[in-house]
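All figures in this text were calculated on a predicted structure; none of them were measured in a lab.
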Amino acid sequence: MDSPKKCQILIDLGKSQEFLGINNAAKTVIGNEGGEQEEQKISFFGPISKNKETTWVVSLFVFIHMVVFFCTLMVNSCWAKSHGECILMVFQPLAENPLLGPSPSVLDRMGAVQGHKIWRLFSSPLLHAGAFHLIISLASVIFIGINLERKYGPWRTAIIYLLSAFVGSLMASLFVQNSPNVCSSGALFGLIGASFSGLLRDWKLYTNKVQAVTELLLVLAINFAIGLLPFVDNFSNIAGLMSGFLIGCVLFFSPQLRKPALHKGLFDYGVNKSVSLKQKLDKPVLRTVSLLLLLLMISGLLLAVLYSINATKYCPWCQYVDCVPSRKWVCDIKVPTCKTIQSGGQTALTCLKSDKYKILDSNYVSPERLEELCSLLCS
């Protein structure tokens, strides 16, 4: 055989071997001799894509929450309104807010859920009750959200986050109390519910299932425990968890480990771009049933809100799911009667019910602040 032909054959063989090597390294499904398919096991919390750009949605939500919390502290202006009773000059005393945050009146002014006002359904998911709530909640969002965004893309993650937050605020508005509640954790619980959905639908694909379930339950338990404190609504967490699970059943598909293509589609950013539309729409019965249940849930909650239904009338013990009473904080802010006397640059506030009193070193105390202090004195 001629030397040029031999060289050409060797070059062709080298290209074929190189192609086969790359193809085998990128495949997530390996065919055996009998034509059967064997799935490669992966870690649930292991990154599908190491591209940092795939986490921009979670980063954006975290940034928005931090900005809103900073604005809430500026509106609260504890250093000017609480007359030297602040913690670190910006936070209310722990007796008023055990989560180290603003006063109840400021949370109410910023749009926390209290009653059936429609605009609060959109403002309350942006608020956090305090610094403790903000740190734990956003740390959980980063841990859960980045994993989902890398597996299923930013748009699916954004839909889960926003829709779960809205459904959570709908549920929170049904359990009307006399204290304002924030619903930001509803979106986090939506991410947790979606994570359970993705884990269960591809149960055989993952290697560390027990560890993944344990981590998800731990994050859920910690954030639910925070909801037992004042101003954080646990009913929004429950609704967010349910809606997130259903949305995950509707939107998710089996994650792939193949090398991403160069062109990115609308819903395929940061995941396997060679996934066919048939793979994205697998398990049609599960998707259809989940979609119907989700629509039924949202429709029922919307009707209940429009008709101003107060669920606490039919479930008196439900208040303990939202806030556990304690001597160290007030769950239900009532409007007691107090006597106010101003003299010598001081304001004396006395609860007529218990004869407890408090002296403030100022004659200029806002009515909202006097009402909050009166509630604390009489609780």
Side-chain angles (χ1 to χ4, degrees), residues 69 72-73 75-79 81-115 120 124 127-137 172-173 175-186 188 221-238 312 315-338 349-358 360 365-379:
F69 186 70
T72 304
L73 294 180
V75 174
N76 186 61
S77 59
C78 183
W79 59 88
K81 298 179 181 179
S82 295
H83 313 288
E85 296 182 345
C86 303
I87 298 177
L88 301 178
M89 296 183 65
V90 293
F91 304 114
Q92 297 298 128
L94 293 179
E96 295 184 43
N97 189 334
L99 290 168
L100 201 64
S103 65
S105 61
V106 170
L107 288 175
D108 180 60
R109 196 184 313 166
M110 294 295 292
V113 168
Q114 189 173 13
R120 294 179 182 271
S124 61
L127 301 173
H128 284 81
F132 296 148
H133 181 210
L134 178 78
I135 294 172
I136 296 176
S137 177
S173 64
F175 294 87
V176 182
Q177 296 190 32
N178 295 322
S179 60
N181 284 336
V182 301
C183 303
S184 54
S185 295
L188 165 63
I222 293 174
N223 286 274
F224 191 85
I226 294 178
L228 299 176
L229 299 176
F231 314 128
V232 180
D233 197 279
N234 254 345
F235 295 106
S236 67
N237 296 342
I238 296 172
T312 55
C315 181
W317 58 267
C318 288
Q319 60 180 324
Y320 301 113
V321 176
D322 197 29
C323 183
V324 177
S326 173
R327 294 181 179 180
K328 297 183 179 181
W329 58 74
V330 179
C331 287
D332 198 10
I333 299 177
K334 299 180 181 178
V335 185
T337 304
C338 290
L349 189 66
T350 305
C351 176
L352 298 180
K353 178 181 177 181
S354 61
D355 291 331
K356 294 181 180 179
Y357 67 93
K358 184 178 184 66
L360 305 174
V365 184
S366 65
E368 294 84 2
R369 182 62 181 160
L370 288 174
E371 183 177 321
E372 291 172 351
L373 293 175
C374 182
S375 177
L376 290 172
L377 283 175
C378 299
S379 62

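- The CD1 atom of I87 lies 5.5 Å from the CG atom of L100; values are rounded to the nearest 0.5 Å.
- Taking the six-membered ring for Trp and thresholds of 30 and 60 degrees, F175 and F235 have nearly parallel ring planes, at less than 30 degrees apart.
- Of the possible donor and acceptor atoms, one in the side chain of S184 sits under 3.5 Å from a partner among the backbone N and O of L127.
- In terms of modelled atom types and a separation under 3.5 Å, the side chain of N76 and the main chain of V106 share no donor-acceptor contact.
- Defined by atom type and a distance below 3.5 Å, a donor-acceptor pair is missing between the side-chain atoms of T72 and H128.
- Separating the OG atom in S236 from the CG atom in N181 is a distance of 8.0 Å, to the nearest 0.5 Å.
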Could you pull out all donor-acceptor pairs under 3.5 Å where a side-chain atom in residues 221-231 meets a protein atom, sequence neighbours excluded?
from: N223; atom 1: ND2; to: S140; atom 2: OG; distance (Å): 3.1
from: N223; atom 1: ND2; to: V219; atom 2: O; distance (Å): 2.8

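- For the pair F91/L73, a side-chain contact is recorded, criterion being any heavy-atom separation below 4.5 Å from C-beta on.
- Heavy atoms only, all atoms of each residue included: W79 and C86 are closest at N-SG, 3.5 Å.
- A 4.5 Å side-chain heavy-atom check between P104 and S179 finds every atom pair outside the cut-off.
- One N or O on the side chain of N97 and one on the backbone of P102 form a donor-acceptor pair closer than 3.5 Å.
- Contact between A129 and V182 at its shortest, heavy atoms only, is N-CG2, 3.7 Å.
- The nearest pair of heavy atoms linking E96 to S103 is OE1-CB, 4.4 Å.
- With rounding to the nearest 0.5 angstrom, the CG atom of N237 is 7.5 Å from the CG atom of L188.
- In this structure a side-chain-to-backbone donor-acceptor pair under 3.5 Å is present from R120 to D108.
- Considering every non-hydrogen atom in both P98 and F132, the closest pair reads O-CD1, 3.7 Å.
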### Message
Walk me through whether C331 and Q319 qualify under side-chain contact (heavy atoms from CB on, under 4.5 Å).
### Response
CA-CA 9 Å; C331 287; Q319 60 180 324; over 6 Å; no
